[in-house]
Amino acid sequence: MRVYTLMSTDLATVRPETDLRIAIDEMRSHDCGFLPVVEGNGRVVGVLTDRDVALALGADDVRPSERSVAEVMTRAPHTCRGDEPAHQALRRMGDDRVRRLPVVNETGRLTGAISIDDLVLVAQNVRAGIDRVSFEQVMEAVKVLAEHSSKRTRLVARRP
């Protein structure tokens, strides 16, 4: 199973110069917490998550319309290619501790996005292989993501 068979292609995107107010509106209207950030030629230069927005706005006393996406986006995002086996994308999510990956072509242009949710939905109770994603692979990636998230939560909970 290849990434292109599972990826979403109808994506909302933003440009680096877009202000956060508009990006937040895009997230709200598309019911998502992840926006690929693309240049005019469609090349992915970052990703913006709802977490990025919350942390940026929580740290400064500025209006969202006064901050650009470029100021708060995650630069040099982890990506994958559409022709990659899905289990490789899943492994990358676990290794890089991300839940979503922009899918790019050979020139870095956005072609879609794949999420851990997409992979959970197609997991099978079979041995892993080039054309399959096993429950075991999905659970291993989810476990790594959960451990990372849990460590952050425990650190915050211990602060006085």
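Note: hydrogens, waters and symmetry copies are ignored here, and every other heavy atom, side chains too, is used.
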Checklist entry - If you measure from the Lys or Arg side-chain nitrogens to the Asp or Glu carboxylate oxygens, is any gap between Asp25 and Arg28 under 4.0 Å? => result yes

So which atom in [X] and which in [Y] form the shortest heavy-atom distance, rounded to 0.1 Å?
X      : Y      : value
Cys80  : Arg92  : CB-NH1, 3.2 Å
Asp118 : Ala113 : OD2-O, 4.1 Å
Pro16  : Val45  : CG-CG2, 3.8 Å
Ala70  : Arg75  : O-NH2, 2.7 Å
Ala56  : Val72  : CB-CG1, 3.1 Å
Leu101 : Ala89  : CD1-O, 3.7 Å

Common cluster, [X]/[Y], ILVMFWY with side-chain heavy-atom separation under 4.5 Å:
X      : Y     : answer
Val69  : Val38 : no
Val120 : Leu6  : yes
Val14  : Leu20 : yes
Leu35  : Ile22 : no

Rounded distance [0.5 Å steps], [atom1] in [X] versus [atom2] in [Y]:
X      : Y     : atom1 : atom2 : result
Leu119 : His87 : CG    : NE2   : 11.0 Å
Ser29  : Met27 : OG    : CE    : 10.5 Å
Thr9   : Tyr4  : OG1   : OH    : 14.0 Å
Arg51  : Leu55 : CZ    : CG    : 4.5 Å
Met73  : Arg15 : CE    : CZ    : 12.0 Å
Ser68  : Asp19 : OG    : CG    : 8.5 Å

Checklist entry - Has the side chain of Asp96 got a donor or acceptor atom that lies under 3.5 Å from a matching backbone atom of Met93? => result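 Judged by distance alone, no pair lies under 3.5 Å.
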
Checklist entry - Between the main-chain N or O of Val103 and the side-chain N or O of Thr111, is there a donor-acceptor pair closer than 3.5 Å? => result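 Between the backbone of Val103 and the side chain of Thr111 there is a qualifying donor-acceptor contact (under 3.5 Å).
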
Does the side chain of [X] reach to within under 4.5 Å of the side chain of [Y], using non-hydrogen atoms?
X      : Y      : result
Leu48  : Thr74  : no
Arg100 : Asp117 : no
Asp83  : Val3   : no
Val37  : Thr13  : no
Thr49  : Val98  : no
Pro85  : Met1   : no
Ser8   : Ile114 : no
Ile116 : Leu90  : yes

Checklist outcome for this item: Those residues at least two apart in sequence (or on a different chain) that pass side chain to side chain contact (heavy atoms under 4.5 Å, CB included) with Asn41 are Glu39, Arg43, Arg109

Checklist entry - Between Arg81 and Glu106, is a salt bridge (Lys or Arg N to Asp or Glu O under 4.0 Å) present by the stated rule, with each step listed? => result CA-CA 8 Å; Arg81 299 268 305 268; Glu106 60 280 347; 3.8 Å; yes

